[in-house]
Structures are given as structure tokens and as C-alpha cells.
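One structure below.
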There are 2 protein chains.
Amino acid sequence: MILFFDLNISEKTEQFIFNRDESKHLVKVLRKKIDETITVTNGRGLEWKGVLIEVNVQKSIANCTAVIIHKPQKNKIHLAIAPTKNNNRMEWLIEKVTELGISSITPLLCDHSERRVIKKERFEKIAIAAMKQSLQFFIPQINDLTNFNAFIKVTKNSSFIAHCKNKSKELLSKSDLDSNNVTLLIGPEGDFSLREIELAINNKIKPISLGNQRFRTETAGLLACHTVFVKQLQKSNL
Amino acid sequence: MILFFDLNISEKTEQFIFNRDESKHLVKVLRKKIDETITVTNGRGLEWKGVLIEVNVQKSIANCTAVIIHKPQKNKIHLAIAPTKNNNRMEWLIEKVTELGISSITPLLCDHSERRVIKKERFEKIAIAAMKQSLQFFIPQINDLTNFNAFIKVTKNSSFIAHCKNKSKELLSKSDLDSNNVTLLIGPEGDFSLREIELAINNKIKPISLGNQRFRTETAGLLACHTVFVKQLQKSNL
């Protein structure tokens with residue numbers, strides 16, 4: 001199956017018109033013909049099936065044949081992470097956590113952040129490509145760059161902050177998740193500051209470790225999400 | 001701490017001479033001075049500490065002050081994986097599994113492999129860089145590209161093969177690992193062939209799933225290793 005994406009398609013859409021770029025892709029690369037079936041999602045759970053009634057490089061059209069509305073996962077992971085200095089590493093992370101199916105990403109501005117600007121549109125593009133490639137119907141919500149102090153005030157249970165300081169902390173793989181909604185905070189290359197860690201703890205965010213290794217920021221981000229994912233799988237009936 | 005690497009350094013080395021490239025790096029980038037301490041590893045557990053007695057861009061010298069011999073981890077993970085078509089993705093994987101601290105990597109040649117040649121030296125360079133960056137003293141052993149059929153015959157317990165076919169399989173996160181030595185087999189972009197999966201099962205390799213997602217090859221490789229890592233942490237007294 002090949003998945004197309006359109007932000008505005010809905011369960012009420014009866015006819016879908018491919019734009020010029022996608023029409024060209026449909027004809028030249030995918031070699032689609034009239035009467036073939038195509039699938040489009042809006043990244044918010046919709047699986048829209050249609051049959052091609054017109055196929056050419058300028059404009060292709062499909063008529064709706066079926067609509068499936070996927071429910072969002074019960075288990076939600078929210079990753080709040082300081083964007084890496086090297087932007088490629090952050091983009092790689094966006095791809096991987098989208099494959100994993102996490103719900104939202106907040107780029108964090110921290111005391112030790114070296115990167116203080118992000119290109120949100122670029123992150124969204126990468127998330128859409130990864131969603132299509134991994135045949136999912138949800139894209140993670142990508143929030144604006146948020147100041148650590150502001151983020152801390154609005155985050156709810158169960159939230160965890162990973163840091164490398166030699167202070168009391170629990171292994172995430174052994175922690176109680178308490179809830180289906182988990183928020184994970186991952187710091188920049190220079191780690192969270194002591195001030196930030198204390199502020200987080202005062203706001204009931206649990207300090208955690210991912211093991212004895214010293215992970216790069218983007219590795220820690222992915223592996224923290226995956227640890228929660230594995231724990232959720234272990235509890236599931238899958 | 002900054003970690004240097006030299007394949008030939010041993011616990012018996014009394015004096016270490018930096019080559020021209022590293023001497024330049026030492027002086028121009030790290031701005032090291034005489035009497036400062038440096039650390040060198042051979043990637044096989046050695047942490048060699050020395051004090052600089054000569055520092056210049058042509059040649060720098062350190063005299064040994066201490067030697068620490070790290071023991072290899074009790075838990076060993078061996079990843080056997082079909083190299084991805086896009087070489088960057090495979091190189092990324094080598095970096096990440098080195099950060100995680102796995103023991104060995106075997107590039108697999110499978111029925112559906114699109115990439116049939118690898119640059120082992122390049123993989124080794126990436127593993128060394130990742131080891132230095134994550135301050136570890138072991139590099140994973142990188143084996144030659146090995147035919148699936150040949151690999152299957154020599155692999156021992158406990159081995160797991162991940163595939164996407166709709167056949168009976170267990171979740172890796174819920175599987176018994178049986179042993180501290182775990183081998184994980186991950187297929188190419190087009191998955192393992194049915195023939196390969198059957199051959200593996202006949203050789204007592206357990207078929208497993210990583211969840212309902214459809215992961216890219218390199219994502220599956222990292223997340224399979226990390227699942228075993230999380231399970232080993234959960235059993236540990238850390």
C-alpha cells in the first residue's frame with residue numbers, strides 16, 4: 001500500500017483531486033492507472049480509500065469508495081527535548097519517534113541549549129514522510145519551541161526528566177508509569193542545569209536514568225520513548 | 001574527559017606517541033599542555049592514562065600513569081542485520097548500537113537484500129568515533145558480510161528473528177531471553193523470505209515481533225537491541 005497525505009481531507013470528502021506534484025508522482029513513478037485504488041490520510045486517523053477516475057500528470061482525481069476512522073492509541077507519549085546543535089540529528093529523531101508512533105513533540109529551550117531556533121515546518125514535513133512510509137494514520141503534534149520554565153508549569157503526570165548528574169534517580173525501565181499519558185524530558189548536549197533539574201523535581205517530575213551509558217541527546221530521546229513503549233507493550237494483551 | 005583510540009596500545013605500553021593528525025588535534029583544537037592528563041583506549045576494555053611530556057603539532061608524547069582494565073559486559077547482544085540500501089542509514093545504526101554498547105554486528109546477505117557489498121572499514125571508523133564520543137572502552141566487533149544460510153548454521157541460543165509476515169510470533173518485549181548472550185536477526189527492506197524464516201525456525205531461532213508498527217530496517221535493528229537492553233536492565237540490580 002502507498003499512503004498519500006492531505007491535511008484537509010475528511011470523512012466527508014467525496015472526491016479527491018491530486019495536485020500537480022502528486023499527479024506527476026502518481027503517473028511517472030507509481031504508474032497508477034484509472035480504476036486503481038488509492039489511500040489518503042489526514043494524519044489525524046483518517047484512512048480515505050478512493051478509486052482513480054482520472055489520471056494524468058496535470059491533475060488526477062479519485063472518488064471515495066470507503067472511509068476508515070482509526071482511533072488514536074490509548075497510550076500516549078509526549079517527548080519534550082532540547083533540539084540538537086546539529087539539525088540533522090534532530091530531524092533523524094523526528095523520523096524515528098514518528099515510526100514509533102508517539103503523540104507529540106515539544107522542542108525545549110534550556111539553560112544549556114546551543115540551538116535556539118527551529119524550523120517547525122521542516123520537522124512537520126519529516127514527520128509526514130515518516131508517517132506515510134510507516135503506513136500510519138497519525139502524525140505527532142509538533143509544538144513551538146518552548147522555554148523550559150514555561151513547559152514545567154503546564155506538564156502533568158506522569159512526567160520524567162532524564163539527566164546525567166550524579167544524583168538520586170530511578171531507572172526508567174523500572175519506574176511505574178502511573179498513567180497512559182507519559183511525558184519525557186530530555187536535555188541538550190550539555191545536560192539540564194542543576195536549577196532546571198531541581199525546578200522539575202519541585203514540579204513532581206521524576207528524575208530518571210536510561211542506564212549507565214552516555215547517550216547523545218537524540219539517542220536518549222528515542223530510547224526513552226522506546227523504553228516507555230516496551231513497558232506499555234509488556235502491560236498489553238498484544 | 002576526551003578519549004583517544006589506538007588499536008595497538010596495551011596495558012604494557014609505557015609511552016604513547018600521538019601521530020601527526022592527533023598531535024595537531026591535541027594542540028590546535030584541544031589546546032592541551034605539558035603535564036596534562038590524557039586517556040587512550042584500544043576498544044577492548046583498556047583505559048590507559050598518561051601525562052603529556054611533549055606537546056607539539058608534529059609529535060606529542062605521554063607517559064603512562066595508570067591503567068584500568070574494564071571487564072566486558074556480562075550481557076552480550078549480537079545484531080545480525082541486512083545492510084540498508086541507503087548506506088547512511090546503516091552508518092547511523094552502527095553509531096547508535098555502539099552508543100548502546102552491543103558486542104557484535106554481522107551484516108547479513110539475504111534473499112531480498114538490495115545492498116550486496118559493504119565497506120567494513122568505514123563501519124569500524126564510525127564505531128570507533130561513537131565509542132570515543134560516548135566514553136566507552138569497547139567497540140562492537142564488526143564481522144564480514146555473511147550469507148544468511150551460513151549464519152543460521154553457526155548461531156546459538158538465544159536467537160530471535162524479527163519479521164513482518166502474518167505468522168505466529170511472540171513479542172520480543174515479552175519473550176524469555178534464556179541467556180545473557182542474545183542474537184537478533186533483522187531483515188532487509190523487503191523482509192526475510194518465507195524460506196529464510198522457515199530455515200531459521202528449523203534452526204531453533206524464535207520468530208518475534210517488535211509491535212504493530214512497520215519499522216524501517218535500521219529502526220528495527222536499534223529498537224530490537226534496545227528491547228533486549230531494557231529487559232536486561234529490568235532483571236539487573238542497577
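Lettering of chains follows the sequences in order, A, B, ..., and the numbering in each one begins at 1. Only a predicted model underlies this, so the values are computations on that prediction, with no experimental measurement involved.
- Across every non-hydrogen atom of A:L233 and B:G211, the tightest pair is CD1-CA, 4.4 Å.
- Inspection of non-hydrogen atoms places A:Q213, A:R214, A:F215, A:R216, A:E218, A:T219, A:L222, A:L223, A:H226, A:T227, A:F229, A:V230, A:K231 of residues 213-232 of chain A under 4.5 Å from chain B.
- Between the side chain of A:K174 and the backbone N or O of B:K235 there is no donor-acceptor pair closer than 3.5 Å.
- Heavy-atom neighbours of B:K119 NZ from other residues, nucleotides or ligands within 6.0 Å: at or below the threshold of 12.
- Counting non-hydrogen atoms of other residues, nucleotides and ligands closer than 6.0 Å to NZ of B:K24 gives a total of 12 or fewer.
- No more than 12 heavy atoms of other residues, nucleotides or ligands sit less than 6.0 Å from atom NZ of B:K125.
- Around atom CZ of A:R195, more than 12 heavy atoms belonging to other residues, nucleotides or ligands sit under 6.0 Å away.
- Rounding to the nearest 0.5 Å gives a distance of 13.0 Å between CG of A:N212 and CG of B:L135.
- For residues 90-97 of chain A, a heavy-atom distance under 4.5 Å to chain B picks out A:W92, A:E95, A:K96, given by residue number.
- Within a 6.0 Å sphere centred on NZ of B:K167, heavy atoms belonging to other residues, nucleotides or ligands number more than 12.
- Of the two parts of B:Q136, only the side chain, counted from C-beta on, holds a non-hydrogen atom closer than 4.5 Å to a non-hydrogen atom of chain A.
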